[in-house]
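These notes are about the structure you will find just below.
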Amino acid sequence: MTRQQIIEKLLSDPAKMLLKRPFTRGTDTFSISDRNDGIIHETTEYLQAILPNVRRKIVSQERFLKELDPSCHDVLFDENIPSICVKNNDGMQVEIEYKKTAVNFQERIRQKKTLSLCGNKRIFTLHEHTPSNKLIENFETLKWYWEKRNQDGLDAKAVYTQLGMGDVGLLMYFNERNEIRGRILSYEDGYVIISHNDDNGERVMECVYYRDSSGIEHIDSYTDLHLYRFVLSQNVKESNGGWVLEEVIAHGFSEIPLITKRGAVAWNDVQGLIELFEIIYNIFAVIQKRHGWGILYIRGKFREQVQKIAGSIILNDTSMDGKGSAEFKTPPSPTNTIEFLDSILDQIQIGSSVTFVLPKDVKTGGDVSGIAMQMTRSFDIESASNAVIEWQNFADKHCRLFKEGLAKELVATGENKLAITEYQDMKVTCSFKMWQPFDEASYNQMLCTMKGAGIISAKTGIEKNTISTPDEVSRVMAETKEETV
């Protein structure tokens, strides 16, 4: 079917708009459905192809929310965590009160991955060999408005949301003052993002399923030109399952204004290890509370009445052999348990591609080279490098929509009557840049050295250094022009 045919089919049956591919994690069996798996065959032999039939467990986005909140972790409700009882003076068994504890690994992994991808500002590239002064001016205006409207912050919030909820939507729109704006739509805020593609995987429609403040369900469906808003009618006699097309609005963009991203949550591969860590940690804490303290062991024959002198208790040994003694019994060393917890923590870091560096891990003595720091954070670097590639289309579409919307805003405000035409001719790409700790002074000095050696241009040095303003190129050109006058 063509794109238009797919759109018409979805609009004619709104219930199909709510069909969404679920998130999955693990399976309920170790068996494999492919009957050819494990058989022996000759290398020149061909086998009949078999269509995939992989079955996995569905994990809901509500569970993601639960895993993010330490007060909702399963370990807090696990009745298999052992407890210890003691006898009181009446000979009754009394359970030692103990408060179970959850560990917030999920949120820390989420935050660290967001920082590694979004810690730097977006990188804009103008694809023009000999740009005119007007083109440079428009390019700098675009970057200035991007920074003013905190679009980098929107990107960071989008990444943070996707890593926690599984998917996210960034909706670009015009407010009442005809200003280009953006907002984040997420499951946590009550919005379900549903995407529909054609046979080639190209996006044909983005849908948002939500309930308004009155409790009425809506479906907002975005195509390249229009927003179709459906409302669930209370009249059961309505066709299409009760869904009624309430309005059709031209959203004002040349493509779908809702930018979506879907993927695994940040801790998806290590959720089992996190649960294991919490169980062992709580069992260890129960044992430590009862047996982790030293015991003063006194042996001998003493009177029931004791003497108390200056606040101290005096025990006189009256045994005939005089072999009474007192010694402090230290508890068994918990080294093995601590080492086991450390090994689980190592596996969590490997599985999630995140490095936890604590203050105790940093040694102040001696010089730490840059390559040593990179090797220490290799998990973060590898994960962020892959994320830059995965989020490239998201960044590019965000840039395209913002550029198009800004051009219409500038025309509406009278700031630039030709902005729509001029901005259409401006070829700009946008991308993320991986973040990692570095010395800004040494980095900027490196750029100066490379510029002096002719390896990079002055424009690249201006764009890449850490202290340039969005209109730095214009400032340099203005200074150069003043010097030549």
Side-chain angles (χ1 to χ4, degrees), residues 20-25 56 58-69 104-122 150-173 181-197 201 203 205-210 220 222 256-271 274 351-354 379-402 430-435:
K20 179 176 181 176
R21 181 163 55 92
F23 295 94
T24 61
R25 181 192 293 160
R56 291 175 60 85
I58 294 176
V59 53
S60 66
Q61 291 178 278
E62 181 181 354
R63 179 165 293 279
F64 295 154
L65 278 172
K66 182 178 179 182
E67 292 171 349
L68 278 171
D69 186 354
N104 195 15
F105 280 124
Q106 291 90 340
E107 180 63 21
R108 287 297 302 134
I109 294 172
R110 181 191 191 189
Q111 291 177 357
K112 285 184 67 67
K113 286 198 171 186
T114 302
L115 176 63
S116 296
L117 179 59
C118 306
N120 288 314
K121 295 181 179 180
R122 300 300 84 78
N150 193 24
Q151 298 304 297
D152 284 347
L154 270 180
D155 281 343
K157 189 175 181 180
V159 172
Y160 179 77
T161 301
Q162 187 277 313
L163 291 176
M165 296 293 102
D167 58 16
V168 67
L170 172 55
L171 178 63
M172 304 302 293
Y173 67 96
R181 297 289 182 176
R183 59 178 295 206
I184 297 295
L185 304 179
S186 71
Y187 179 87
E188 187 175 11
D189 295 327
Y191 299 96
V192 179
I193 310 298
I194 310 170
S195 303
H196 296 281
N197 302 331
R203 192 80 80 234
M205 181 182 290
E206 296 281 9
C207 299
V208 182
Y209 178 41
Y210 63 98
D220 288 354
Y222 295 88
I256 298 174
L258 180 60
I259 317 164
T260 61
K261 182 69 173 70
R262 175 190 169 105
V265 293
W267 66 93
N268 194 64
D269 294 334
V270 294
Q271 177 59 29
I274 294 174
S352 62
S353 296
V354 166
F379 296 150
D380 306 78
I381 295 172
E382 293 166 5
S383 177
S385 298
N386 290 328
V388 168
I389 300 172
E390 292 178 5
W391 284 84
Q392 180 59 55
N393 291 339
F394 185 97
D396 265 338
K397 186 174 181 180
H398 186 187
C399 179
R400 291 197 308 269
L401 290 171
F402 185 81
C430 176
S431 62
F432 288 87
K433 180 183 178 182
M434 178 193 67
W435 176 89

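One is the number of the first residue; the rest follow in order along the sequence. Nothing here was measured: the structure is a model prediction, and the numbers come from that model.
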Does some side-chain heavy atom of L258 sit less than 4.5 Å from a side-chain heavy atom of L185?
yes

Any side-chain heavy atom of V192 within less than 4.5 Å of one from V208?
no

Minimum heavy-atom separation for A384 to M434, with atom names?
CB-CG, 3.4 Å

Check D167 with K20, please: is the shortest side-chain N to carboxylate O separation under 4.0 Å?
yes

Pairwise distance NZ(K66) to CD(Q106) - rounded to 0.5 angstrom
12.0 Å

Between S353 and E382, is the side chain to side chain contact (heavy atoms under 4.5 Å, CB included) condition met? List the steps.
CA-CA 8 Å; S353 296; E382 293 166 5; 5.7 Å; no

Before accepting this row, confirm whether a basic side-chain N of the pair K121/D152 lies closer than 4.0 Å to the acidic partner's carboxylate O.
no

Taking atom types as modelled, is there a side-chain donor on E188 or Q61 under 3.5 Å from an acceptor on the other?
no

Going from CG on N197 to CZ on R21, what distance comes out if it is rounded to the nearest 0.5 angstrom?
9.0 Å

Does R262 count as lying over the ring of F23, i.e. NZ or CZ under 6.0 Å from the six-ring centre, within 45 degrees of the axis?
yes

Residues W391 and A158: closest non-hydrogen pair is CH2-O, 3.9 Å

Using modelled atom types only, decide if a donor and an acceptor are shared between the side chain of D69 and the backbone of L65 within a distance under 3.5 Å.
no

Is the shortest heavy-atom distance from the side chain of V59 to the side chain of F64 under 4.5 Å?
yes

Got Q151 and M172 here, is their nearest side-chain heavy-atom distance under 4.5 Å?
yes

Centroid-to-centroid, F432 to F394, below 6.0 Å?
no

If I compare all heavy atoms of N268 with all of A264, which pair ends up nearest, and what's the gap?
CB-CB, 4.1 Å

Does the side chain of Q111 reach to within under 4.5 Å of the side chain of Y160, using non-hydrogen atoms?
yes

Around R122, counting heavy atoms of other residues, nucleotides and ligands shown, do more than 12 lie under 6.0 Å from its CZ?
yes

Mind checking the CG-OG1 spacing from L171 to T260? Nearest 0.5 Å is all I need.
11.5 Å

Using modelled atom types only, decide if a donor and an acceptor are shared between the side chain of S383 and the backbone of F379 within a distance under 3.5 Å.
no

State whether a side-chain donor-acceptor pair under 3.5 Å links Y209 with D220.
no

Once you round to the nearest 0.5 Å, how far does OG1 of T114 lie from CD1 of I109?
11.5 Å

If you round to the nearest 0.5 Å, how far is CG of L117 from OG of S385?
10.0 Å

State, yes or no, whether a side-chain contact exists between L68 and M165 at a heavy-atom distance under 4.5 Å.
yes

With a 4.5 Å limit on heavy-atom distance, are the side chains of W267 and V265 in contact?
yes

Please confirm whether the backbone N or O of I256 pairs with a side-chain atom of K397, one donor and one acceptor, at under 3.5 Å?
yes

Looking only at non-hydrogen atoms, find the nearest pair between P257 and Y222 and report the distance.
CG-CD2, 3.8 Å

Would D155 and L170 satisfy side chain to side chain contact (heavy atoms under 4.5 Å, CB included), going step by step from the backbone distance to the final call?
CA-CA 8 Å; D155 281 343; L170 172 55; 4.3 Å; yes

Side chains of Y187 and V168 in contact at under 4.5 Å (non-hydrogen atoms):
no

Quick check: does any side chain N or O of E206 sit under 3.5 Å from a backbone N or O of H196, one acting as donor and the other as acceptor?
no

Check this for me, if you would: do K113 and E390 make a salt bridge, where the nitrogen-to-carboxylate-oxygen distance has to be below 4.0 angstrom?
no

Gap separating the CG atom of L154 from the CZ atom of R181, nearest 0.5 angstrom:
10.0 Å

Atom of C430, atom of Q392 and distance for their closest heavy-atom approach:
O-NE2, 2.8 Å

